[in-house]
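Some notes on the structure that comes next.
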Amino acid sequence: MWFQIDRSNDKTLTQQVYEQLRQFILNGDMKKDEKLPSTRELASSLGVSRNIVLEVYDQLVAEGYLIVRPRAGTFVAPGSLFQTSGSKESLQKEEFIHNKNQDIIDFRAATPAMDHFPRKTWGRLAKDICFDVPDMIFGYQSSDGLPELKEEISRYILRSRGVVCQPHQIMITSGATQALSLITEILMRDNQNVAVEDPVTDEMRTIFSYRGAHLCPIPVDDKGIQPEFLSEESPPGFVFVLPSHQFPMGVTLTIQRRIQLIEYARRCNSYIVEDDYDSEFTYEGTPVHSVQGLDPERVIYVGTFSKILSPALRIGYIVLPTGLVDEFKKLKWYTDRHHPSLEQLILTRFIREGYLDRHIRKMKRIYKQRREALVNSLKRHFPGCTILGHAAGMHLVAEFPNVSFTQQIIDWVCKHGVKIYSAEQYSLLKGSHENKIVLGYGSLSVEVIEEGVRRIKEAMVSFSG
Ligand SMILES: Cc1ncc(COP(=O)(O)O)c(C=O)c1O
């Protein structure tokens, strides 16, 4: 038994000895019927008074962990073995998994570079704001968000994404996740059908189905969603699209199809929900403007700061057609009152003082380098593979001739220290994307990306399933 006694600890010595001895018994480090050292022996080896050990033994006898056999000594009672969550074995197991995971290169998509969060600026603004804001900021505010932030966002999305709106049409939400959850709740009241691109992001799709939506998959080709597959007989309450950079396929919706979509929504009294999650990062050509700019009364635009800054901020927003604003404000109020005000003020200054534009410029350079490293490594190790989609965002899709990315091969690659994701897992109608994988590069350095692709190659060469 190895006790750790710390006299500077806030816990009393009795507490320390009691907790550790109890843990030895629960863990099985002291087995049933094992005899404990005498109180004098243990006290002297721990350098504590005998009274402390006596007190601990009495307590453990009273609780049933120990039994006293007259003239024989004190023993561990039967039935005291129990793996608590903090037990040594489970801690060792957790540590093992942690260490193992540290070495795994995870090409998970939609993960930004967390090592580049502008900590200094954000921290300074947070401190200034906390000291400087008037007292009323610490009270309840309007459910749609602070006017100064909505003003900054309206200017930012007009110049960067061509989104046309007045600040009062904007609602600040807890990420795109809450935005889509509120949209689903309101638009599904009259119509349970939701049309989604196929393949589609599993997380967003789950938000709809969790609320009871009937999903209508609409196929995506190299020009984006194909509007001719939308039903004229039973149109959906809304069509969910990622027109700037489809997830996962990475394609950009053509202008002809954007117009077709809007005409469909007008004809069928439906809405288009546009999720514009990572379009700030475009590495070739000029970024295409939003669909919302074509018809602000038919398109509900969803934006997020999760990719440009950090998912931890939980700040997103919805740009609503004017007729829907009041309904959304009510629902948001009954959901969580409003988004945290201090965070909103920090972001307001971050945008107003030019830090956001600077951060985006810097991250664009970094992501471009990471993307190039991934493309070059793939071409070097797999000359037959094709990179699909537009050079944008933080992930790409690689198509391999004559390979089917079954769970078996994905598990095999994982055994070689790399996590990859098959495009097929995002499909609703199965069978079209088995030879493609989705590789996220946002949070991986150039060296890690190169090592990751090398490991994929090593795994695939040795795969014999
Ligand atoms: C398509 C898509 N949109 C938006 C988001 C961002 O969600 P949130 O703003 O809630 O972090 C994600 C997250 O992975 C996503 O995959």
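All ligand and atom numbering here is 1-based and tracks the order in the structure.
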Query raised in the report: By number and element, which atoms of ligand 1 are closer than 4.0 Å to a non-hydrogen atom of T304?
Result: 8 (P), 9 (O)
Query raised in the report: Taking non-hydrogen atoms only, is K307 closer than 4.0 angstrom to ligand 1 via side chain, backbone, both or neither?
Result: side chain
Query raised in the report: Closer than 4.0 angstrom: is that true for some heavy atom of R314 and an atom of ligand 1?
Result: yes
**Report entry** Structural part of L242 in contact with ligand 1, heavy atom criterion under 4.0 angstrom
**Finding:** side chain
Query - Residue pair D6, K11: steps toward the salt bridge (charged side-chain N to carboxylate O under 4.0 Å, His left out) verdict - result: CA-CA 9 Å; D6 179 0; K11 289 183 183 171; over 6 Å; no
Query raised in the report: So do the side chains of D357 and Y156 get within less than 4.5 Å of each other, counting heavy atoms only?
Result: yes
**Report entry** Distance from atom 12 (C) of ligand 1 to nearest protein heavy atom, with residue and atom
**Finding:** M204 CE, 3.3 Å
Requested in this report: Please indicate whether any nitrogen or oxygen in D275 is less than 3.5 Å from any nitrogen or oxygen in ligand 1.
Outcome: yes
Query - Worked check of salt bridge (charged side-chain N to carboxylate O under 4.0 Å, His left out) between R189 and E327 - result: CA-CA 12 Å; R189 284 179 189 160; E327 191 84 34; 2.6 Å; yes
Query raised in the report: Is ligand 1 under 4.0 Å from a heavy atom in the side chain of A176, in the backbone, in both, or in neither?
Result: both
Query raised in the report: Side chain, backbone, both or neither: which part of T201 has a heavy atom under 4.0 Å from ligand 1?
Result: side chain
Query raised in the report: Which of the atoms of ligand 1 are close to S306, meaning less than 4.0 Å from one of its heavy atoms?
Result: 8 (P), 9 (O), 11 (O)
Query raised in the report: Is there a nitrogen or oxygen of T177 sitting under 3.5 Å from a nitrogen or oxygen of ligand 1?
Result: yes
Report task. State, without any angle test, whether Q246 and E197 hold a side-chain donor-acceptor pair at a distance under 3.5 Å. Result -> yes
Query raised in the report: When you check the side-chain N and O atoms of R161 and S244, is any donor under 3.5 Å from an acceptor?
Result: yes
Report task. Check whether the side chains of Q178 and K332 place a donor and an acceptor atom closer than 3.5 Å, and report yes or no. Result -> yes
Query raised in the report: Does the side chain of E297 come under 3.5 Å of the side chain of T322 through a donor N or O and an acceptor N or O?
Result: yes
